[in-house]
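Heavy atoms only: backbone and side chains are in, while hydrogens, waters and symmetry mates are out.
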Amino acid sequence: MGCLFISTFIILSTLYTIPQISAVGYPINVWPKPTTFHWPHPQAIALSPNFIISAPGHRYLTPAVHRYLRQILTEHHRPLVTPILNLTSAQPLAALTVTIFDAAAPLTHGVNESYSLTIPCGGGAAVLKSETPWGAMRGLETFSQLVYSKPSRVACGLYIFDVPLFMHRGIMLDTSRNYYGVGDLMRLIRAISMNKLNVFHWHITDSHSFPLVVPSEPEMAAKGAYGEDMKYTAADVKRVVEYGLEHGVRVVPEIDMPAHTGSWAEAYPEIITCANKFWWPAEAEWPDRLAAEPGTGQLNPLKPKTYEVVKNIIHDVVSMFPDQFYHAGADEVVPNCWKMDPSIQTFLSNNGTLSQILETFINSTLPYILSLNRTVVYWEDVLLDGDINVTASLLPPKNVILQSWNDGPNNTKRIVSAGYRAIVSSSDFYYLDCGHGDFTGNNSRYNQPPGTDQEKGGSWCGPFKTWQLIYNYDITYGLTEEESKLVLGGEVALWSEQADSTVMDSRIWPRASAMGEALWSGNRDERGKKRFAEATDRLNEWRYRMVTRGIGAEPIQPLWCIKNPGMCYTVHMI
């Protein structure tokens, strides 16, 4: 059936000359822009007050159908710029019929998310066809964005075929440095889904707190969480994971180790080196620090007790999170933290190296995670760090994915040229926390006389990453065609030193929406030109619709710009 579906699209593409009209030429748009949007004679049709969605029963699609039906019937979205569309005289659109070819397809990396959508102007039923339930969810989102006004009407006389360029499109959120409630995580998942992203990378623990209640190691959260009301129980995790499945969003857990584990010392001080030390001793040079930021502590790979605790935690986390990916961290191992420990000092005095210590840890944990039928994701540091790294022979590319965050496209190139699959999270483009200064107190860089060059404003990864910077980033830049195939996709990241639930929405949206379109249908038009100019008006409208749906996305322009199209550009439109 899948071949028939694709063949049908090819035939339709041949029969019609599908115009690649600039999306702002349409009175209604969809975010992210679909791969193919064929609307030769834009019109609208009334939506029946008794409109229904007919779809096959499915554990996760059925709740999505109910959710979208409720939204379609009650949203009554009023666009910032009223669409100029003739309303057909045909009977109102009565139904949307959903057809799925592979209802049993699980939500895993690489699942088919393609769909086609046909909305006629002659009444009757619209038709949504997809290979999987997850593609159907993407199509339902598209249909919902084509409905507007009160009483409701919907764009008609159109055909859409849609399929993402990249299979991995995600958001990483750190819930250790500051805590986010389960309701906040569910709101994030809801917004991830409506932007056709498909991964919530949950960085759960770090040196600052250990909020996850691990059944076999209850003391970890009992002593490592910020408080009783700042924990995630197994029931909380199940709720988040199920909510993700109902929205077509995979939840990938990260338990960072062996660095970033200071919070573990509250329960097991004997397995942590340099815990609760001042992170950057007075008068010391930067290379002599004990951590990348305040919050010291690293697991000691030479202690047998370390692996007893680690394996218990890994086992329970894998049991709670069904996704095939398990993120094992492995970033920012700081030499001096390990060097403070007497057992490590002895190891080094016998001609051992810090890289050998990391290799001992990876050798003792990676096979165990793989035995639990998981693909392991590490931060790039495990292979690329200049001081402490492991040999590539210990990281089988078949089972290991590397996530890049340093040195922009250069490190992505290093990863894929070594034969590894890559997830791109370049801090130069995709770090959403950048540009808000430094969170350390008594920081002399802010005590400067007027006229001093503020450089990056104290933010190591400044300046602020604008939506246009994010939109314009090509994550396969500089790669060969074969190397590009190893890039699974990308994730924007919100580290939470200066973020919590009060600013989560505005820090993430609509900048993550910009990445969402770039990874779904690309950032270039049919001529190969970057399309960020025409995307501006569309993103303004989409941001407004997200806000009306309860997502606190920040504005990207004054409302005046939207009411006066083209007046806020800096160059003439080409």
Going by the angle between their ring planes, with limits at 30° and 60°, are Y26 and W39 parallel, tilted or perpendicular? tilted
Parallel, tilted or perpendicular for F325 and H168, by the 30°/60° rule? parallel
Spacing of [X] atom [atom1] and [Y] atom [atom2] [to the nearest 0.5 Å]:
X	Y	atom1	atom2	value
D407	E380	CG	CD	8.0 Å
I189	E242	CD1	CD	11.0 Å
I171	W509	CD1	CH2	3.5 Å
R524	K530	CZ	NZ	4.5 Å
N86	I45	CG	CD1	13.0 Å
T88	L93	OG1	CG	9.0 Å

Could you tell me if R250 sits above the aromatic ring of F200, with its cationic atom closer than 6.0 Å to the ring centre and no more than 45 degrees from the axis? no
Residue pair [X] / [Y]: nearest heavy atoms and the distance that separates them:
X	Y	result
V30	Q145	CA-OE1, 3.4 Å
L140	V65	CD1-CG2, 4.1 Å
D438	G458	CB-O, 3.3 Å
S152	V147	CB-CG1, 4.1 Å
P83	Y148	CG-CE1, 3.9 Å

Set of residues satisfying salt bridge (charged side-chain N to carboxylate O under 4.0 Å, His left out) with respect to E517, sequence neighbours excluded: R531, R538
Evaluate the criterion side-chain contact (heavy atoms from CB on, under 4.5 Å) for residue pair L173 and L185; output intermediate values, then yes/no. CA-CA 9 Å; L173 180 69; L185 303 185; 3.7 Å; yes
A side-chain contact here means heavy atoms from C-beta on lying under 4.5 Å apart; do [X] and [Y] qualify?
X	Y	answer
N198	V249	no
T97	L128	no
P34	F161	no
L486	Y420	no
Q403	Y378	no
V424	P409	no
M504	R187	yes

Ignoring hydrogens and angles, tell me if any N or O in the side chain of [X] forms a donor-acceptor pair with the backbone of [Y] under 3.5 Å.
X	Y	result
Q71	Y68	no
E497	R177	no
R421	K398	yes
D162	T35	yes
R511	Y471	no
D453	E455	yes
R543	A553	yes

Would you call D433 and R507 a salt bridge, using N to O less than 4.0 angstrom? no
Considering only NZ, NE, NH1 and NH2 on the basic side and carboxylate oxygens on the acidic side, decide whether R169 and E113 come within less than 4.0 Å. yes
Verify the distance criterion only: is there a donor paired with an acceptor across the side chains of [X] and [Y] at less than 3.5 Å?
X	Y	answer
N523	N472	no
T142	Y115	yes
S513	N195	yes

Residue pairs fulfilling disulfide (SG to SG under 2.5 Å) with at least one residue in residues 477-523, sequence neighbours excluded: none
Do any pairs count as a disulfide (SG to SG under 2.5 Å) and have a residue in residues 137-173, sequence neighbours left out, and if so which ones? C121-C156
Is there a side-chain contact (heavy atoms from CB on, under 4.5 Å) between I72 and I53 once you walk through the steps? CA-CA 10 Å; I72 287 165; I53 300 176; 4.2 Å; yes
Show your working on side-chain contact (heavy atoms from CB on, under 4.5 Å) between F429 and K465 and close with a plain yes or no. CA-CA 6 Å; F429 298 90; K465 312 308 175 190; 5.9 Å; no
Who are the ring-ring contact (aromatic ring centres under 6.0 Å, His included) partners of W134, not counting sequence neighbours? H58
Step through the shown structure and confirm whether more than 12 heavy atoms of other residues, nucleotides or ligands are within 6.0 Å of [atom1] on [X].
X	atom1	answer
Q557	CD	yes
Y477	OH	no
N564	CG	yes

Between F143 and F51, is the ring centre distance below 6.0 Å? yes
Do H77 and Y544 have ring centres separated by under 6.0 Å? yes
Test ring pair (Phe, Tyr, Trp, His ring centres under 6.0 Å) on W202 and H327; report intermediate values, then the result. CA-CA 9 Å; W202 187 356; H327 204 302; over 10 Å; no
Let's go through E75 and R545 carefully: what are the C-alpha distance in whole Å and the side-chain angles of both, what is the deciding distance for salt bridge (charged side-chain N to carboxylate O under 4.0 Å, His left out) to 0.1 Å, and is it a yes or a no? CA-CA 10 Å; E75 186 173 26; R545 190 157 195 161; 3.0 Å; yes
Do S496 and Y180 pass the side chain to side chain donor-acceptor pair (under 3.5 Å) test, and can you show the C-alpha distance, the side-chain angles, and the key distance before you say yes or no? CA-CA 10 Å; S496 294; Y180 297 76; 2.7 Å; yes
From the options D428, D381, D331, N411, select the one residue that forms a side chain to side chain donor-acceptor pair (under 3.5 Å) with W405. D381
L488, I423, V487, T412 screened by side-chain contact (heavy atoms from CB on, under 4.5 Å) with I475, the one that passes: V487
Just one of L117, L69, I119 clears the side-chain contact (heavy atoms from CB on, under 4.5 Å) bar with L96, so which one? L117
Mind checking side chain to side chain contact (heavy atoms under 4.5 Å, CB included) for L165 and listing every partner two or more places apart, or none if nothing turns up? none
Residues in side chain to side chain contact (heavy atoms under 4.5 Å, CB included) with T502, at least two apart? D500
Among K196, R190, R549, the one residue meeting salt bridge (charged side-chain N to carboxylate O under 4.0 Å, His left out) with E141: R549
